Chemist: 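Got a structure for you, written out below as structure tokens; questions coming shortly.
All of these numbers come straight from a predicted model, not from anything done at the bench.
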Amino acid sequence: MARPNKSMRQIKEILRLKFQHQLSIREIARSCAVATSTVGDYLKRAELAGLSWAPAEEWTEEQIWSVCWSFGSLP
């Protein structure tokens, strides 16, 4: 199996920082070295998918990615 890209590996960390540590989008972006727009996009996708940290903590990055991107582009 191909190695997940950096973005896929970071989605779990972004969710963890938001839900466990209640960091702001800017703080998460700084911590993960990604754009604030990327963090906002990931969190919006998780929200639309109804995903909270409880199930995401046990899931692989691939499972989280497939749930968050299952509906295509953001409205």
Side-chain angles (χ1 to χ4, degrees):
M1 181 176 176
R3 189 180 96 205
N5 64 29
K6 183 178 181 182
S7 297
M8 187 183 292
R9 290 193 313 262
Q10 286 185 326
I11 190 167
K12 194 168 186 175
E13 178 66 2
I14 288 170
L15 294 175
R16 184 184 72 80
L17 291 172
K18 182 63 178 175
F19 292 116
Q20 279 192 331
H21 299 283
Q22 290 82 43
L23 295 182
S24 70
I25 289 175
R26 184 173 289 169
E27 291 169 322
I28 295 168
R30 193 175 307 123
S31 175
C32 295
V34 297
T36 55
S37 59
T38 300
V39 174
D41 180 54
Y42 286 9
L43 293 176
K44 183 59 139 174
R45 288 176 178 279
E47 178 186 345
L48 290 172
L51 186 60
S52 67
W53 180 241
E57 184 175 19
E58 302 297 322
W59 293 1
T60 66
E61 288 83 1
E62 289 85 3
Q63 289 171 309
I64 296 168
W65 189 268
S66 68
V67 167
C68 290
W69 273 259
S70 63
F71 51 85
S73 61
L74 290 174

Chemist: Can you pull out every salt bridge (charged side-chain N to carboxylate O under 4.0 Å, His left out) where at least one residue sits in residues 16-35? Sequence neighbours excluded, please.
Modeler: Glu13-Arg16
Chemist: Could you go step by step and tell me if Tyr42 and Trp65 meet the side chain to side chain contact (heavy atoms under 4.5 Å, CB included) rule?
Modeler: CA-CA 9 Å; Tyr42 286 9; Trp65 189 268; 3.8 Å; yes
Chemist: Distance-only, no hydrogens or angles: does the Lys12 side chain make a donor-acceptor pair with backbone N or O of Thr60 under 3.5 Å?
Modeler: no
Chemist: Roughly how far, to the nearest 0.5 Å, is the CG atom of Asp41 from the CD1 atom of Ile25?
Modeler: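 With rounding to 0.5 Å, CD1 (Ile25) is 10.5 Å from CG (Asp41).
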Chemist: State which residues pass side-chain contact (heavy atoms from CB on, under 4.5 Å) with Ala56; sequence neighbours excluded, sorted by chain then number.
Modeler: Leu15, Leu51, Trp53, Ile64
Chemist: Which atom pair, heavy atoms only, marks the closest approach of Ala49 to Cys68?
Modeler: CB-CA, 4.4 Å
Chemist: Give, for atom OG of Ser52 and atom CZ of Phe19, the distance between the pair rounded to the nearest 0.5 Å.
Modeler: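 Output value for this atom pair is 6.5 Å.
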Chemist: Among all residues two or more places apart in sequence or in another chain, which pass the side-chain contact (heavy atoms from CB on, under 4.5 Å) test with Ser31?
Modeler: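 Counting only residues at least two positions away or on another chain, Ser31 forms a side-chain contact (heavy atoms from CB on, under 4.5 Å) with Leu17.
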Chemist: Please examine the side chains of Leu48 and Lys44, heavy atoms only from C-beta on, and report whether any two atoms are closer than 4.5 Å.
Modeler: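 Sidechains of Leu48 and Lys44: in contact.
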Chemist: For the atom pair CD1 (Ile14) and OG1 (Thr38), what is the distance rounded to the nearest 0.5 Å?
Modeler: 7.5 Å
Chemist: First locate atom CD of Gln63, then atom CD of Glu58, and finally report the distance between them rounded to the nearest 0.5 Å.
Modeler: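 Answer for the CD-CD pair, Gln63 versus Glu58, is 10.0 Å.
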